[in-house]
Amino acid sequence: MAEPFAFEIVSPERRLLAGEATEVVVPGGDGYFTVMAGHAPVMSTVKPGVVDVKMADGELRQFFVRGGFADVAPSGFTLLAEQAVALADLAAEDIEGHIRNAEEDLADADTDEKRDKARQTLSQLREVRDALAHMRR
Amino acid sequence: MASLKDMRNRIASTKATQKITKAMQMVAAAKLRRAQAAAEAARPYAEHMDKVLRSIAGGVAGLESAPPLLRGTGADRVHLLVVCTAERGLCGPFNSSIVRLAREHASRLMADGKAVKFLCVGRKGYEQLKRLYEQQIVEVIELRGVRTIGFAQARMVGDRIVEHFEKGAFDVCTLFFSRFKSVIAQIPTAQQIIPPVFEGADGNGASYEYEPEEEEILAELLPKNIQVQVFRALLENAASEQGARMSAMDNATRNAGEMIRKQTLTYNRTRQAMITKELIEIISGAEAL
């Protein structure tokens, strides 16, 4: 049995989850990574995607996050998510909404830098949508 | 002199007003509870954000390469004052105390020969500021249709601020809002957000690995920090507004009660005086026969 560590997901509006987890998979800016107890302190950006949390009591919980930061410290792991929803509460239409928003962002972008960023977000969101569709089938 | 009917009408209208202020007070109390809960719920994120920013900023702040959002532009010439107020009045001195603080700040800066620009969030602040500084208001953001403040609004305001900053429209940005202390005390507050001011000791010494690079994280973190600061200000403001409205309406209800008491007394006196007068007329008429 893996060792538990303190884990939190907070969004600007509220704290979504606080408790003990044994394993958390995060969509980091440079790719998915897994955090377990005793992980080296890391600060990473988070791209849109799904966070898998294995709680200390064995329950598996999944959250959709859209952007934010992961702060892995010796005292615990805090995920600062700009937007976060429990996957179970997330309807397919919501993702479509996010994608539409991202498409608008792309259309509105006036600099190359912004356009790149918007395009990246859009493709990540599409990935998430496809992954979800796959999972539910 | 007013007739008895007029006086009855006046008492009725005072009573109606009292009912309205009473209802507003109760609505404000309910909204205040919700606003306080929202402010409470937002705290963990803001605190953690602050911690993260401090630990990164501590290492980069002194460097030439530090992003301007952290370091400032190096100049101190043009100031942007972001004045957050409410959309509605009838909340005692809430709006005007924020505006007064911003105005004092502005006149001090202008006396020092600095240029001042305003960005108003909320209609009430704009209405008060435009009388004095119409030319200097660069933007007005109204949150009129918004029932509860969400992060989306804060993000919009934050993005606008950063956009102005990137265009080089100002050097220093200060946020004005009212800090919620209790129902009877709201403290108008000024907080400098660009470049950020860190209070107390920074850097907790934990050595992090950064992924991607520190600079890249900072580039994302700094604009977000501004959004978070704006969000916190808006939430504090929302709670303060309801608190101020609650005590203002409580006063109004009490004043209306006092007024009703006085009016009823005058009404009763006048009525009695008329009865007495009629009696005298009847009796002296009978005696004359």
Side-chain angles (χ1 to χ4, degrees), chain A residues 6-19 26-35 39-48 65-85 97-98 101 105 108-111 113-114 116-118 120-121, chain B residues 34 37-57 59-60 148-155 158-159 162-163 166-167 204-235:
Chain A
F7 175 64
E8 288 187 304
I9 299 184
V10 285
S11 77
E13 278 151 28
R14 64 201 181 94
R15 186 189 308 229
L16 275 102
L17 177 77
V26 191
D30 288 349
Y32 278 80
F33 63 91
T34 306
V35 176
H39 194 287
V42 162
M43 182 90 60
S44 168
T45 51
V46 173
K47 61 175 192 170
V65 294
R66 196 183 159 189
F69 300 92
D71 171 23
V72 184
S75 54
F77 175 18
T78 306
L79 187 65
L80 295 163
E82 191 175 326
Q83 279 174 16
V85 213
H98 281 303
N101 268 339
D105 283 349
D108 290 344
D110 44 7
T111 61
E113 202 179 319
K114 277 188 191 161
D116 271 354
K117 213 165 168 189
Q120 216 177 344
T121 313
Chain B
R34 235 178 311 150
E40 197 72 33
R43 207 155 288 158
Y45 188 90
E47 276 171 7
H48 211 95
M49 185 67 126
D50 198 50
K51 199 192 103 196
V52 170
L53 193 64
R54 254 167 222 240
S55 67
I56 303 188
V60 193
T148 45
I149 300 287
F151 192 63
Q153 282 86 42
R155 180 162 44 219
D159 283 349
V162 173
E163 229 167 90
E166 278 167 357
K167 274 189 285 184
N204 50 4
S207 58
Y208 279 104
E209 273 173 43
Y210 297 97
E211 185 193 312
E213 290 304 306
E214 244 161 312
E215 283 81 31
E216 261 175 75
I217 295 194
L218 261 185
E220 259 193 62
L221 197 60
L222 288 167
K224 198 143 296 164
N225 179 52
I226 289 171
Q227 294 169 4
V228 170
Q229 296 301 343
V230 172
F231 187 49
R232 203 176 60 110
L234 290 180
L235 287 176

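Chain identifiers are assigned alphabetically (A, B, ...) following the order of the sequence lines, protein sequences preceding nucleic acid strands; residue numbering begins at 1 within each chain.
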Quiz prompt | Interatomic distance, A:Leu79 atom CG to A:Phe7 atom CZ [nearest 0.5 angstrom] | solution = 5.5 Å
Quiz prompt | Test side chain to side chain contact (heavy atoms under 4.5 Å, CB included) applied to A:Val26 and A:Tyr32, step by step | solution = CA-CA 5 Å; A:Val26 191; A:Tyr32 278 80; over 6 Å; no
Quiz item: Checking heavy atoms, do the side chain of A:Ala70, its backbone, both or neither come under 4.5 Å from chain B?
Solution: neither
Quiz item: To the nearest 0.5 Å, what is the distance between CD (B:Glu47) and OH (B:Tyr45)?
Solution: 13.5 Å
Quiz item: Between A:Glu82, A:Gln83, A:Glu13, which has the largest tally of heavy atom pairs under 4.5 Å with chain B?
Solution: A:Glu13
Practice problem: Name the member of A:Ser11, A:Ala18, A:Ala40 that forms the most heavy-atom pairs with chain B at distances under 4.5 Å. | Solution: A:Ser11
Quiz item: In Å, rounded to the nearest 0.5 Å, how long is the span from CD of A:Glu8 to CG of A:Leu17?
Solution: 8.5 Å
Exercise. Supply the atom-to-atom distance A:Asp30 CG to A:Thr45 OG1, rounded to the nearest 0.5 angstrom.
Key: 6.5 Å
Exercise. Could you tell me which residues in residues 224-235 of chain B have at least one non-hydrogen atom under 4.5 Å from a non-hydrogen atom of chain A, sorted by residue number?
Key: B:Lys224, B:Phe231
Practice problem: Could you check B:Val52 against A:Phe69 for side chain to side chain contact (heavy atoms under 4.5 Å, CB included), going step by step and ending with a plain yes or no? | Solution: CA-CA 9 Å; B:Val52 170; A:Phe69 300 92; 5.8 Å; no
Quiz item: Between B:Glu220 (side chain) and B:Ile217 (backbone), is there a donor-acceptor pair under 3.5 Å?
Solution: no
